[in-house]
Amino acid sequence: MVVYVYDKTFDGLLTAVFDAFARKSFPDLLLAEGEALPLFCDEVVTICTDDAKVERVWKGLQKKLSATALHCLTVCWLSELADVDLLLFRYIKKAFNSPSSIELNFGDPDVLEVSKVWRKVSHEKHRMIEFIRFQKAEDGTFFGAMEPLYNVLPLVVGHFKDRFADQKWLIYDLKRAYGCYYDLQEVREVRFDRMEEHLLSGILNDKLMAEDEKLFQNLWKAYFKAIAIKERINPRLHKQHMPVRFWKYLTEKQG
């Protein structure tokens, strides 16, 4: 068994691809630095991320795959699923070895699995856009938090930057403890040393909330209640279209 140890970044994965082709030795297992090695392995290779190697691999992939397929690879990486890195490694290896594009060869199990992962992550991206609720803080910043299944925050910031270009906002991923802050000029990643209550619950407390926010929340709850037709309430369908795991972050579901 050949084991490659790397920094668990996408650039690190591309570097591993470069080194594997250079060595003509391909990994059976990809591990993070510090992870326990299997009991039996023939070779352990440590990969050091190299920007030049990353660029060469990416340029090579641009000749083999369409822009859509390349985007699919980066989206799959954000799934953070177990062994997704090894799946992508096999996919990339096949892309280089094939005389024609493999992206539509769904008879190949790796190509099919990559498409399935892409669909899962893309679906979660749209759910985050659909279900996030912003709360206005006393300083005028709009705060929204969620706990998505996959690391889709990088995929949604462009939408919110275009949609709310005239407002300062912070979108926070509670599960991964980081967020993206827009200051009317640019979006930047932020992390906090001190975990305040709202960074754990996703809900602003009364001290941090703007004076008119409670009024707007009450108006939204009243509207949501008013448009509901009791005779047509379908709990099963409701949960299907609005999964319960999002309810604790939805204003209309509070109180």
Open item on the list: Can you classify the ring geometry of Phe21 versus Phe26 as parallel (below 30°), tilted (30 to 60°) or perpendicular (above 60°)?
Closed with: perpendicular
Open item on the list: Using a strict threshold of under 4.0 Å (side-chain N to carboxylate O), is an ion pair present between Arg245 and Glu124?
Closed with: yes
TODO: Using a 4.5 Å cut-off on heavy atoms from C-beta on, say whether the side chain of Val45 contacts that of Ser25.
DONE: no
Task: Nearest atoms (heavy-atom pairs only) where Glu113 meets Leu87 - done: CG-CD2, 3.6 Å
Open item on the list: In the structure I gave you, are the side-chain heavy atoms of Val187 and Phe160 within less than 4.5 Å of one another anywhere?
Closed with: no
- [ ] Determine whether more than 12 heavy atoms belonging to other residues, nucleotides or ligands lie under 6.0 Å from atom CZ of Arg56.
- [x] no
Open item on the list: Closer than 4.0 angstrom, basic N to acidic O: yes or no for Lys168 and Asp139?
Closed with: no
Open item on the list: Please say yes or no: joined through hydrophobic side-chain contacts below 4.5 Å, possibly via intermediate residues, are Ile203 and Met242 part of one cluster?
Closed with: no
TODO: Decide yes or no for Leu65 and Tyr91: does some side-chain heavy atom of the first lie under 4.5 Å from some side-chain heavy atom of the second?
DONE: yes
Open item on the list: Test your reading of the model: is there a side-chain donor-acceptor pair from Asp42 to the backbone of Val2, 3.5 Å cut-off?
Closed with: no
Task: Nearest atoms (heavy-atom pairs only) where Ala137 meets Ala210 - done: O-CB, 3.5 Å
- [ ] Compare every heavy atom of Thr141 with every heavy atom of Leu170, then report the nearest pair and how far apart it is.
- [x] N-CG2, 4.1 Å
Task: Check: Met195 and Leu199 side chains under 4.5 Å, non-hydrogen atoms - done: yes
- [ ] Find out if a path of hydrophobic residues (ILVMFWY) with successive side-chain heavy-atom gaps under 4.5 Å connects Leu204 to Phe216.
- [x] no
Open item on the list: So does Gly202 get a backbone contact from the side chain of Glu197, meaning a donor-acceptor N/O pair under 3.5 Å?
Closed with: no
Open item on the list: Within the structure provided, determine whether Phe10 and Leu14 are in side-chain contact (heavy-atom separation under 4.5 Å).
Closed with: yes
Task: Criterion side-chain contact (heavy atoms from CB on, under 4.5 Å) on Val75 and Trp118, from CA distance to verdict - done: CA-CA 6 Å; Val75 170; Trp118 173 82; 3.7 Å; yes
Open item on the list: As an exercise, state the distance from CG of Asn218 to CD of Glu213, rounded to the nearest 0.5 Å.
Closed with: 10.0 Å
Task: The single option from Trp169, Phe143, Phe134 passing ring pair (Phe, Tyr, Trp, His ring centres under 6.0 Å) against Tyr182 - done: Trp169
Open item on the list: Regarding Thr9 and Asp11, do their side chains bring together a donor and an acceptor under 3.5 Å, going by distance alone?
Closed with: no
Open item on the list: Show the nearest heavy-atom pair for residues Ile47 and Gly12, with the distance to one decimal.
Closed with: CG2-O, 4.0 Å
Open item on the list: Does Tyr223, at its OH atom, have more than 12 non-hydrogen atoms belonging to other residues, nucleotides or ligands within less than 6.0 Å?
Closed with: no
- [ ] Please check if Trp220 and Met146 belong to a single hydrophobic cluster, counting links between Ile, Leu, Val, Met, Phe, Trp and Tyr side chain heavy atoms closer than 4.5 Å.
- [x] no
Open item on the list: I'd like to know if the side chain of Ser98 reaches the main chain of Lys94, judged simply by a donor and an acceptor atom lying under 3.5 Å from each other, with no hydrogens or angles considered.
Closed with: no
- [ ] List the atom of Ser101, the atom of Glu103, and the distance in Å for their closest heavy-atom pair.
- [x] OG-OE1, 2.8 Å
Open item on the list: Please check this pair: side chain of Asp183 against backbone of Glu186, looking for a donor-acceptor N/O pair closer than 3.5 Å.
Closed with: yes
Task: Distance (rounded to the nearest 0.5 Å) between Trp77 CH2 and Leu13 CG - done: 5.5 Å
Task: Cluster overlap Leu149 with Val244, hydrophobic side-chain contacts below 4.5 Å - done: yes
Open item on the list: As an exercise, state the distance from OG of Ser201 to CG of Leu174, rounded to the nearest 0.5 Å.
Closed with: 7.5 Å
Task: ILVMFWY network linking Val121 to Tyr178, side-chain heavy atoms under 4.5 angstrom - done: yes
Open item on the list: Rounded to the nearest 0.5 Å, what separates atom OG in Ser79 from atom NZ in Lys120?
Closed with: 8.5 Å
TODO: Would you tell me whether Asp19 and Tyr4 have side-chain atoms, one donor and one acceptor, within less than 3.5 Å of each other?
DONE: no
Task: Student check: side-chain heavy atoms of Lys175 and Glu80 closer than 4.5 Å - done: no
- [ ] State whether a side-chain donor-acceptor pair under 3.5 Å links Glu147 with Tyr249.
- [x] yes
Task: Verdict with supporting geometry, Glu55 and Asp51, side-chain contact (heavy atoms from CB on, under 4.5 Å) - done: CA-CA 6 Å; Glu55 185 177 359; Asp51 291 341; over 6 Å; no
TODO: Drop me the distance from Thr15's OG1 to Tyr6's OH, to the nearest 0.5 angstrom.
DONE: 10.5 Å
- [ ] Could you go through the side-chain contact (heavy atoms from CB on, under 4.5 Å) check for Ile233 and His238 one step at a time?
- [x] CA-CA 8 Å; Ile233 291 178; His238 182 60; over 6 Å; no
- [ ] Measure the CD-CG distance between Gln217 and Asp212 for me, rounded to the nearest 0.5 Å.
- [x] 10.5 Å
Open item on the list: If hydrophobic residues (ILVMFWY) are linked whenever their side-chain heavy atoms come closer than 4.5 Å, directly or via other members, who joins Val3 in its cluster?
Closed with: Met1, Val5, Leu29, Leu31, Leu37, Val44
Open item on the list: Before you tell me yes or no, could you show the steps for His126 and Val152 under side-chain contact (heavy atoms from CB on, under 4.5 Å), namely the whole-Å CA-CA distance, both residues' side-chain angles and the distance that decides it to 0.1 Å?
Closed with: CA-CA 9 Å; His126 291 299; Val152 296; over 6 Å; no
Open item on the list: With heavy-atom distances below 4.5 Å as the criterion, would you say the side chains of Ile102 and Asp108 are in contact?
Closed with: no
Open item on the list: Could you check whether any side-chain heavy atom of Phe18 comes within less than 4.5 Å of a side-chain heavy atom of Val54, counting everything from C-beta outward?
Closed with: no
